[in-house]
Amino acid sequence: MGNIIKNKEIQDYINANLNTDLHAQLLKKSPFPDVSMQEIVQQIKGKQTAQKKFPFLLKEGIIFPPQLNLEQASSEKTADYKSKILKGKKFIDLTSGFGIDAYYLSQNFDEVTLVEQNQELLGIVEHNWNVLGRKAKFVNQNLEDFLQINKEHFDIIYLDPARRDQNKNKVFLLEDLSPDILQIREKLLHIANQIVIKLSPLIDLKYLISVLQGIFRIEIIAVKNDVKEVVIFLSNEEKEGITVNCINLESEESAFTFIFGEEENSHVVYSEPEKFIYIPNNAILKAGVFNLISERFKLKKLHPNSHIYTSDQKISDFPGRIFEMEVIESKQIKKKGQFNIISKNYPLKPEDVKKKYAIKDGGKDYLIFTQSKKGKIILKSV
């Protein structure tokens, strides 16, 4: 498909149909004898995905793989963030996929190797890197086979293990991933100074640290308050403590960094709502440092299970949302009013709240339904 799909006439057709109904498009006959409509739609889907996920690929001559490979690829935002952390002489991505992470992470290295068992996918990546002017060694091989014969040593090994089983169901435990990190850990650390592994945002940090030795850093990466990745760093070197960094990209919030285990020794004070209300970003909530965030910013907590905080004076550098609010009674909620609804540690979900109080979603005002230690409360933005 590669050389034919680059034909200017075909590319013009793809670009002219970026906003068309793709299901209807698939029912049409291809206007080009050597390219199927399925192949054309694959390129349209690729460009649509690139517009949101990796706009740096919106260049003439770029070819896109099937949708599943696009879905599994990291976004440009998260890849760029990770690239600022890594540097060295030799970099290898053992599960390169569509190569988004490799493209960004490798920019601070002299020698780059990409390993991918899918020959067609690797061919697309090699073609795209040539278009983008980036050099690398492309190895079409199974990861385990590569490790058996490899004699090189690398500064950084990067992996993004497949998180679906043979039945295409999502899996999260390390032993269920492909490759099994627990099985190949020692072999990887024998040929590299560091291993960097991208994992599901759903993975449990305590489980992770309990089963995998050598972790010295964890990055919890959110984009616009949506946790996208948990990235772990492994080394053979003895390091004191595991540094956890919570970052919310595309926000003005500062990173929140702590040493794993600090939460257990931190203390919290409880209070009824004061003038300002704070909700940590989802990267911090994922980290589970509910008491530490209170202690660090000298905030009081409403309830052990609410994870909502309060203060009389505004703490402007808090990494999350800040509201000025007041406690109201339910009868003060204006029917048919418009509010952004937040429900935390409360019996009713936002949809149930809207029905019960006959209110609409949206607008500038907020209602928070939650609990303090005295019981259920409703907060309204001032």
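Comment: K349 does not engage E351 in a salt bridge, judged by the lack of any side-chain N to carboxylate O separation of less than 4.0 angstrom. Of the charged side-chain nitrogens involved, none lies within less than 4.0 Å of a carboxylate oxygen, so that E219 and K82 do not count as a salt-bridged pair.
Heavy atoms of other residues, nucleotides or ligands lying less than 6.0 angstrom from NZ of K356 number 12 at most. Residue Q213 qualifies as open at atom CD: its count of foreign heavy atoms under 6.0 Å is 12 or below. In the displayed structure, E240 atom CD is contacted under 6.0 Å by at most 12 heavy atoms of other residues, nucleotides or ligands. The number of heavy-atom neighbours closer than 6.0 Å to CD of E264, taken from other residues, nucleotides and ligands shown, is 12 or below. Atom CG of D317 is surrounded by more than 12 heavy atoms from other residues, nucleotides or ligands within 6.0 Å. Annotation: Q67, atom CD; neighbour count of heavy atoms from other residues, nucleotides and ligands within 6.0 Å is above 12. Summarising the local packing, NZ of K77 is surrounded by 12 or fewer heavy atoms from other residues, nucleotides or ligands at distances under 6.0 Å.
Contact between L302 and S271 at its shortest, heavy atoms only, is CD2-O, 3.4 Å. Between Q371 and N345, the closest heavy-atom pair is NE2-O, 3.0 Å. Looking at every heavy atom in both residues, F256 comes nearest to I293 through CE1-CD1, 3.6 Å. Among all heavy-atom pairs drawn from K135 and V112, the shortest one is O-CB, 4.2 Å. Of all heavy-atom pairs spanning E295 and H267, the tightest one is OE2-N, 2.9 Å. Nearest heavy atom pair, residue E274 against residue I277, reads O-CD1, 4.4 Å.
N225 contributes a side-chain N or O that, together with a main-chain N or O of N282, makes up a donor-acceptor pair within less than 3.5 Å. Distance alone, capped at 3.5 Å, is enough to place a donor-acceptor pair between the N140 side chain and the E116 backbone. A donor-acceptor pair is defined here as one N or O able to donate and one able to accept, closer than 3.5 Å; such a pair exists between the side chain of E263 and the backbone of F290. Looking at N17, its side chain never comes within 3.5 Å of a backbone N or O of T20 through a donor-acceptor pair. A donor-acceptor contact shorter than 3.5 Å is absent between the side chain of E229 and the backbone of I221. Of the possible donor and acceptor atoms, none in the side chain of S343 sits under 3.5 Å from a partner among the backbone N and O of P350. Here the side chain of S96 pairs no donor or acceptor atom with the backbone of G99 at under 3.5 angstrom. Without hydrogens or angle criteria, K53 side chain to E71 main chain gives a donor-acceptor distance under 3.5 Å. Side-chain atoms of S235 come within 3.5 Å of backbone atoms of E237 as a donor-acceptor pair (strictly under, hydrogens ignored). Under a 3.5 Å cut-off, the side chain of K59 and the backbone N or O of I62 do not form any donor-acceptor pair.
With contacts defined as side-chain heavy-atom distances shorter than 4.5 Å, the pair L94/F154 does not qualify. A 4.5 Å side-chain heavy-atom check between L188 and L159 finds at least one atom pair inside the cut-off. Looking only at side-chain heavy atoms (C-beta outward), K89 and E111 come within less than 4.5 Å of each other. Side-chain contact check for E324 versus K275: some heavy-atom pair is nearer than 4.5 Å. Two residues are said to be in side-chain contact when any heavy atoms from C-beta on lie closer than 4.5 Å; L70 and P65 meet this criterion. Proximity of E326 to P273: side-chain heavy atoms (C-beta onward) are nowhere separated by under 4.5 Å. Looking at heavy atoms from C-beta onward, I191 lies in side-chain contact with L147 at the 4.5 angstrom threshold. With contacts defined as side-chain heavy-atom distances shorter than 4.5 Å, the pair I44/L18 qualifies.
You'll find the ring centres of Y103 and F56 inside the 6.0 Å limit.
For the residue pair S75 and K228, no side-chain donor N or O sits within less than 3.5 Å of a side-chain acceptor on the partner. The closest side-chain donor-acceptor pair between S330 and Y357, if any, does not fall under 3.5 angstrom. One side chain, N245 or T257, offers a donor N or O that lies under 3.5 Å from an acceptor on the other. Of the N and O atoms on the side chains of T370 and S306, at least one donor lies less than 3.5 Å from an acceptor on the other residue.
For the atom pair CG of N340 and OH of Y366, the computed distance is 4.5 Å after rounding to the nearest 0.5 Å. The line from CZ of R217 to CD1 of I232 is 13.0 Å long, rounded to the nearest 0.5 Å. Atom CD1 of I100 is separated from atom CG of D93 by 11.0 Å, given to the nearest 0.5 angstrom. Here the straight-line distance linking atom CG of D21 with atom NZ of K28 works out to 9.0 Å at 0.5 Å rounding. Rounding to the nearest 0.5 Å places CD1 of I315 at 8.5 Å from CD1 of I322. A distance of 11.0 Å separates CG in N108 from CD1 in I85, rounded to the nearest 0.5 Å.
Note on I215 and I220: same hydrophobic cluster, where clusters join Ile, Leu, Val, Met, Phe, Trp and Tyr whose side-chain heavy atoms are under 4.5 Å apart, directly or indirectly. F260 and L285 end up in the same hydrophobic cluster when Ile, Leu, Val, Met, Phe, Trp and Tyr side chains are linked at under 4.5 Å. F258 and F297 fall within a single hydrophobic cluster, where Ile, Leu, Val, Met, Phe, Trp and Tyr are joined by side-chain heavy atoms under 4.5 Å apart, directly or via other members. No continuous path of ILVMFWY side-chain contacts below 4.5 Å connects L208 to I259, so the two sit in separate hydrophobic clusters. In this structure, L292 is a member of the same hydrophobic cluster as V227, with clusters built from ILVMFWY side-chain heavy atoms closer than 4.5 Å.
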Exercise. Show your reasoning for whether side chain to side chain contact (heavy atoms under 4.5 Å, CB included) applies to L348 and F369.
Key: CA-CA 8 Å; L348 299 178; F369 293 77; over 6 Å; no
Exercise. Could you give me the CA-CA distance, side-chain angles and deciding distance for I308 and I368, then say whether side chain to side chain contact (heavy atoms under 4.5 Å, CB included) is met?
Key: CA-CA 10 Å; I308 295 177; I368 296 179; 3.9 Å; yes
Exercise. Would you check, one step at a time, whether the test ring pair (Phe, Tyr, Trp, His ring centres under 6.0 Å) holds for F276 with F318?
Key: CA-CA 11 Å; F276 294 97; F318 179 80; over 10 Å; no
Self-check item: Criterion side chain to side chain contact (heavy atoms under 4.5 Å, CB included) on Q11 and K47, from CA distance to verdict
Solution: CA-CA 11 Å; Q11 285 295 314; K47 290 202 173 193; 3.4 Å; yes
Self-check item: Evaluation steps, side chain to side chain contact (heavy atoms under 4.5 Å, CB included), between K354 and D361
Solution: CA-CA 7 Å; K354 284 191 288 185; D361 204 6; 3.8 Å; yes
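Note on ring orientation: taking the six-membered ring where Trp is involved, the planes of F64 and F98 are tilted (angle from 30° to 60°).
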